[in-house]
Amino acid sequence: MAIIAPSLLSANFLNLQADCDMLNKSEADWYHLDVMDGRFVPNISFGPMIIEFIRKATTKVCDVHLMIEEPEKYAEAFKKAGADILTVHYEACTHLHRNIQQIKSLGMQAGVALNPHTPVNLLEDILADIDLVCIMSVNPGFGGQSFIPHTLTKIRQLRKMIDDRGLNVKIEIDGGVTLGNAAEILAAGAHVLVAGNTVFKSENQIDTIAKLKAL
Ligand code: DX5
Ligand code: ZN
């Protein structure tokens, strides 16, 4: 059964409590929290302060996706804010192994995100050290973009790498996930579906989450 991780980037920040209440009542498994610095990606979202508030509003897993440069400077702040999973971008980390060790030593699960142009085989020598791979299925920075179809090939390749090594690494798909393409994404081998617009712009959010969960 898929793990459903709604992205709060598409939530109503004037009434976050209502959206947290909805997610808590729903079958959503994780909160996906998108942190953007205006340098790694051409957009700025929110940081540890907002996540600290969200942490108080839920007991669900807080899955923090850092789209920032120099993530080592902030890993501790995100731990203090309440992150359970901290994901850094492959393209932002010159010393990725060191970043992963730092995240784990702080007591969080460690994830690595890949931009659409970054091949999954670059993870060969780090795969055994991480808990999650976030395959970006859009160029990071904004919600509401269209799914890049080549992602399906990357999912199949990565799933084979994980299974061949007998590892327990989750594949998360982030960007453009809809009720129309989610089944195909899961069939390709993904474990976690991030969904921003599909959940928050739908008429019945709880029902949309239930539909994703039922796939
Ligand atoms: C994009 C973010 C995503 C985004 C997904 O940079 O990492 O998590 O919120 O939004 P949708 O599901 O609307 O594509
Ligand atoms: Zn994300």
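Keep in mind the model is a prediction, meaning the values are calculated, not measured. Just so you know, ligand 1 is whichever comes first in the structure, and atom 1 is the first atom listed for that ligand.
The minimum heavy-atom distance between L215 and A182, with the atom names listed, is CD1-CB, 3.3 Å.
For the pair I209/P6, a side-chain contact is recorded, criterion being any heavy-atom separation below 4.5 Å from C-beta on. Side-chain contact check for L66 versus D34: every heavy-atom pair is 4.5 Å or farther apart. You'll find the side chain of S7 reaches within 4.5 Å of the side chain of V194, heavy atoms only. At least one side-chain heavy atom of N204 sits less than 4.5 Å from a side-chain heavy atom of I206.
Scanning the protein heavy atoms around atom 9 (O) of ligand 1, the nearest turns out to be S7 OG, 2.9 Å. Protein heavy atom closest to atom 1 (C) of ligand 1, with residue, atom name and distance, is F142 O, 3.6 Å. Considering only non-hydrogen protein atoms, atom 12 (O) of ligand 1 sits nearest to G196 N, 2.7 Å. Of the protein's non-hydrogen atoms, D174 OD1, 2.9 Å is the one closest to atom 3 (C) of ligand 1. The shortest contact between atom 14 (O) of ligand 1 and any protein heavy atom is with G176 N, 2.8 Å. The nearest protein atom to atom 6 (O) of ligand 1, hydrogens excluded, is given as G141 N, 2.8 Å; this is a heavy-atom distance. Among all protein heavy atoms, the one lying closest to atom 11 (P) of ligand 1 is G144 N, 3.6 Å.
Below 4.0 Å from some heavy atom of M67 lie the following atoms of ligand 1, by number and element: 6 (O), 7 (O). Atoms of ligand 1 found under 4.0 Å from any heavy atom of H32 (numbered from 1 in listed order, with element): 8 (O). In the vicinity of H65, heavy-atom distances shorter than 4.0 Å reach the ligand 1 atoms 7 (O). Atoms of ligand 1 lying under 4.0 Å from any heavy atom of L9, numbered from 1 in the order shown and given with element: 9 (O). Which parts of ligand 1 touch G143 is read off a 4.0 Å heavy-atom cut-off, strictly below it: atoms 10 (O), 13 (O). Which parts of ligand 1 touch P140 is read off a 4.0 Å heavy-atom cut-off, strictly below it: atoms 6 (O). Near M36, meaning under 4.0 Å from one of its heavy atoms, ligand 1 places the atoms 6 (O). Proximity to D34 (heavy-atom distance under 4.0 Å) selects the following atoms of ligand 1: 2 (C), 3 (C), 4 (C), 7 (O), 8 (O), 9 (O).
For the pair T198 and ligand 1, no heavy-atom separation below 4.0 Å is found.
Counting heavy atoms of neighbouring residues, nucleotides and ligands inside a 6.0 Å radius, atom CZ of F13 exceeds 12 of them. R98 CZ: 12 or fewer foreign heavy atoms inside a 6.0 Å radius. The neighbour count for N168 CG, taken as heavy atoms of other residues, nucleotides or ligands under 6.0 Å away, does not exceed 12. Within a 6.0 Å radius of CD in Q101, more than 12 heavy atoms belonging to other residues, nucleotides or ligands are found.
A continuous path of hydrophobic side-chain contacts links I171 to L167 [ILVMFWY only; heavy atoms under 4.5 Å].
With 2.8 Å as the limit, H65 counts as an N, O or S neighbour of the Zn ion (ligand 2).
When you scan the N, O or S atoms of D174 for the one nearest the Zn ion (ligand 2), you land on OD2. Within D34, the N/O/S atom positioned nearest the Zn ion (ligand 2) carries the name OD1.
Checked options E69, E70, E76; the residue passing with K73 is E70 (criterion: salt bridge (Lys or Arg N to Asp or Glu O under 4.0 Å)).
Side chain of N115 to backbone of H117: no donor-acceptor contact under 3.5 angstrom is found.
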